[in-house]
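Each remark here refers to the structure printed beneath this line.
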There are 2 protein chains.
Amino acid sequence: MQKGETTPLYRKLIDDLKKLIEEGKYKQGELLPSENDLCKTYSTTRPTVRQALAELTNIGLITRQQGKGSIVAEPRRGLGILSVSGVTAGVGDQNLKTVILEKPVKQNWPQELLHQLSFEEQAAGCIFFTRLRNINNVPILLEETFLSDINLPRFTSRSLENRSFLKVLNEHYQVEVTGGEQKIWAVAADKNKSKLLRLKPGSPIVHMKRKLKTNVRDLNIYSWLYCNTENYYLDDYF
Amino acid sequence: MQKGETTPLYRKLIDDLKKLIEEGKYKQGELLPSENDLCKTYSTTRPTVRQALAELTNIGLITRQQGKGSIVAEPRRGLGILSVSGVTAGVGDQNLKTVILEKPVKQNWPQELLHQLSFEEQAAGCIFFTRLRNINNVPILLEETFLSDINLPRFTSRSLENRSFLKVLNEHYQVEVTGGEQKIWAVAADKNKSKLLRLKPGSPIVHMKRKLKTNVRDLNIYSWLYCNTENYYLDDYF
DNA sequence: TACGGATACATGTATATACAACTTTAATTT
DNA sequence: AAATTAAAGTTGTATATACATGTATCCGTA
């Protein structure tokens, strides 16, 4: 973890406050300690404290208001994480099940990615897997995922069942999504897709090709999605 | 324009540099003047200059490298700006035309926004307008936009024809999009939409409801989109 | 009781400065 | 000529301070 011997003070402040917010010590709508309080606690000065608070503002954890203070913002889902929501009611974890149709394997890159691969990505090869998300035992979202095999030891043997793939990447490999790009169509379901998603052939489904960029060089996540949106919709934060 | 009499110096620096980059004075990959140079030019000190450069880094206009300088980043489309691209070829500006179907007017908020409005948003009232984007004179994207009427003097009388709505907001009111949320469906085109988009009734179209958050308190942009994706797709960066 | 103003406290903007760490270039040595 | 070293220039981190501006509170006065 130690990259340059020491971590800057403002970095420590960020990490501490982040942790306290995520742990619920400071809840949504509440105020963080004032800049001057933090100065005393950390034996530092306002510019340093402000550098930390500015960063927390940037990542959306707090908002700031002159004369009032630093307000904990509403919790936000991770960048570019797609979720499926019900049109009428929310979708809880209990009735959501993810099934791996094809386990992660090394294979060649597909042709129709619609994105230009870097040399390093091509050289590293491609990990591929397919998942199907079910809500109340009804298949809703078919997802084909491709990513470059860079700095991901033993990835193909990890279990993605019942775990968020992006969470695994983050916890085991410190990978974070920093941005992305997606292309969206509406298409009529073909025979294969309509069977998998239990729809009448010709039903409108959402098709997406997305590229998620990460903090790791040349590690991008490409995925092709097909979603039955008759009773649910795709939900997307950025 | 003048909200509090004076604009801060660091703000002026941001605007100046932004303009120079967008005008091509500083091109992609090139270095901006060093912090010390900027200090001399603007008769100020490094913390102030750094505040401006930090902002430019945040909005992705530059990257910074210790020991080297501020590097102009590759041009990126604005956050949350939807563009429409051809499946086979790119869509240039020349064959893209935006038509205002309904000019901006004050009206009541609609019911089915799918987002909870803040008290201030409700109180301020709603500006509404409808646009239709055409590519090669074929209507592709129908867009209904709602936003709260907060600090936007004379907005309803501004022309949005042939101009990016978000660009107008940015240039005249210093509004920047900081994040957002979108819900996506595929639906079959009803009679009205199929007529507007020149499709056979029942054709699959993409329907989105999006919320764009801005740097201005309680100013959010809500829009409902309907897109013909037979020959084009929606392109989205985050 | 209700209003108005003083006050305390919060963040916003800005100056001035110092040293650390990294990059590039130039000078020196081998 | 090549490798090493030194120097200059750049951004990164941090301290110390001052005043401006927005918010909330309390208290005295009408």
Side-chain angles (χ1 to χ4, degrees), chain A residues 2-17 21 26 29-73 217, chain B residues 2-17 21 26 29-73 118-120 150-151 174 176 178 215-219:
Chain A
Q2 73 293 350
K3 15 181 184 180
E5 301 292 337
T6 59
T7 53
L9 178 56
Y10 83 97
R11 190 24 78 185
K12 176 165 170 47
L13 245 155
I14 293 171
D15 293 339
D16 285 0
L17 291 172
I21 291 172
Y26 301 113
E30 289 182 2
L31 293 179
L32 254 46
S34 76
E35 295 181 356
N36 283 319
D37 286 349
L38 291 171
C39 288
K40 285 173 197 156
T41 308
Y42 285 85
S43 302
T44 181
T45 52
R46 279 189 66 213
T48 301
V49 168
R50 283 179 65 79
Q51 191 172 356
L53 293 176
E55 172 79 12
L56 291 178
T57 305
N58 280 334
I59 61 180
L61 231 52
I62 62 171
T63 62
R64 316 198 69 206
Q65 192 179 340
Q66 187 176 155
K68 195 166 183 187
S70 304
I71 307 158
V72 178
R217 258 182 80 88
Chain B
Q2 74 293 353
K3 11 182 188 180
E5 299 294 334
T6 59
T7 53
L9 178 55
Y10 83 96
R11 184 82 239 166
K12 174 163 170 51
L13 246 155
I14 293 171
D15 293 339
D16 285 0
L17 291 172
I21 290 173
Y26 302 112
E30 289 182 3
L31 292 179
L32 254 46
S34 75
E35 295 181 356
N36 283 318
D37 286 349
L38 291 170
C39 287
K40 285 172 197 157
T41 307
Y42 286 85
S43 304
T44 182
T45 51
R46 281 189 64 212
T48 300
V49 168
R50 284 178 65 77
Q51 191 172 355
L53 294 175
E55 173 78 12
L56 291 178
T57 305
N58 280 335
I59 61 180
L61 230 53
I62 62 172
T63 62
R64 315 197 68 206
Q65 190 179 341
Q66 186 175 153
K68 195 167 184 184
S70 304
I71 308 157
V72 177
S118 74
F119 176 76
E120 286 79 8
I150 293 179
N151 291 325
Q174 288 78 48
E176 274 183 37
T178 56
N215 57 341
V216 177
R217 260 179 77 89
D218 294 306
L219 178 55

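Residue numbering restarts at 1 for every chain, and letters A, B, ... go by the order of the sequence lines. Computed over heavy atoms, backbone and side chain alike; hydrogens, waters and symmetry mates excluded.
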remark   = Winner on side-chain proximity to A/K68, out of D/dT15, D/dT13, D/dA24, is D/dA24
Residue A/E35, side-chain heavy atoms: nucleotide from C/dT11, D/dT15, C/dT15 that is nearest = C/dT11
Atom-to-atom span, CD of A/Q66 to C1' of C/dT11 - whole angstrom = 5 Å
query = Just checking A/L31: base, sugar-phosphate only, or nothing, at a heavy-atom cut-off of under 4.0 Å?
reply = nothing
message = Just the rounded figure in Å: distance from C1' of C/dG12 to CD1 of A/I62.
response = 14 Å
Nearest-nucleotide pick for B/P47, side chain only, options being C/dT11, C/dT13, C/dT17 = C/dT17
inquiry  = With a 4.0 Å cutoff (strictly under), does any side-chain N or O of B/T44 reach OP1 or OP2 of C/dA14?
reply    = no
ask   = To the nearest Å, how far apart are B/Q65 CD and D/dT10 C1'?
value = 10 Å
key: d(CG, B/L56; C1', D/dT11) in whole Å   = 15 Å
remark   = Exactly one candidate in B/T48, B/L53, B/T45 meets side-chain contact (heavy atoms from CB on, under 4.5 Å) with B/E35; the answer is B/L53
key: Minimum-distance pair of heavy atoms, taken over all atoms of B/G60 and B/A73   = O-CB, 3.5 Å
note = A/E55 CD to D/dG12 P, in whole Å, measures 13 Å
ask   = Could you give the distance from CD (A/E30) to CD1 (A/I71), rounded to the nearest 0.5 Å?
value = 11.5 Å
query = B/R64 has an atom CZ; how far is it from atom P of C/dC22, in whole Å?
reply = 16 Å
ask   = Please give, in whole Å, the distance from D/dT15 C1' to A/Y42 OH?
value = 18 Å
query = To the nearest Å, how far apart are B/K40 NZ and D/dG9 C1'?
reply = 11 Å
ask   = Roughly how far apart are A/I21 CD1 and A/S70 OG, rounded to 0.5 Å?
value = 9.0 Å
inquiry  = By nearest heavy atom, map A/L53 and B/S43 onto DNA chain C; which one lands nearer the 5' end?
reply    = A/L53
ask   = Taking N and O atoms by type only, does the side chain of B/R46 place a donor or acceptor under 3.5 Å from a partner on the base of D/dG12?
value = yes
inquiry  = Looking at B/Q51, I'd like to know whether one of its side-chain N or O atoms comes within less than 4.0 Å of OP1 or OP2 on C/dT13.
reply    = yes
query = Which comes earlier along DNA chain C counting from the 5' end, the contact point of B/T48 or that of A/R50, where each point is its nearest nucleotide?
reply = A/R50
note = By nearest-heavy-atom nucleotide on DNA chain D, the more 5' of A/T45 and A/G67 is A/T45
remark   = The nucleotide from C/dT15, D/dA16, C/dT11 with an atom nearest the side chain of A/N36 is C/dT11
ask   = At what distance, to the nearest 0.5 angstrom, does OH of A/Y42 lie from CG of A/L13?
value = 5.0 Å
